[in-house]
Amino acid sequence: MPGRRKGRLIATPAGRGTLRRARELEAMGFLHIAIQQPLELNWQSAIKLLP
């Protein structure tokens, strides 16, 4: 949700997880991109995250 500072609208991060988690999500995203062409998925795949 955006916040305000000195009359300006500023963006705040949606999730404030750890840097480790951010790196894990980035690696998962890279893997997802990397397998699209070899598996001929035509960008019609998704990754579902479960709690």
Side-chain angles (χ1 to χ4, degrees):
M1 231 177 154
R4 289 200 176 269
R5 179 184 283 171
K6 295 183 183 180
R8 293 185 185 166
L9 197 61
I10 59 169
T12 56
R16 293 183 175 96
T18 63
L19 183 57
R20 179 180 172 195
R21 176 66 64 199
R23 288 181 176 151
E24 290 170 351
L25 290 172
E26 186 175 4
M28 182 181 61
F30 177 77
L31 175 65
H32 189 233
I33 290 169
I35 66 171
Q36 295 298 308
Q37 187 175 10
L39 296 179
E40 298 178 4
L41 297 174
N42 296 325
W43 300 100
Q44 296 178 3
S45 65
I47 295 175
K48 184 174 186 177
L49 301 176
L50 301 174

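The figures here come from the full heavy-atom set of this structure, side chains too, leaving out hydrogens, waters and symmetry mates. Just so it is clear, the model here is predicted, and its values are computed rather than measured.
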Roughly how far apart are Met28 CE and Ile33 CD1, rounded to 0.5 Å?
-> 11.0 Å

Enumerate, atom names and distances included, each donor-acceptor pair closer than 3.5 Å involving a side-chain atom of residues 39-51, sequence neighbours excluded.
residue : atom : partner : partner atom : Å
Ser45   : OG   : His32   : NE2          : 2.9
Ser45   : OG   : Gln36   : OE1          : 3.4
Ser45   : OG   : Gln36   : NE2          : 2.8

Residues in salt bridge (Lys or Arg N to Asp or Glu O under 4.0 Å) contact with Arg23, at least two apart in sequence or another chain = none

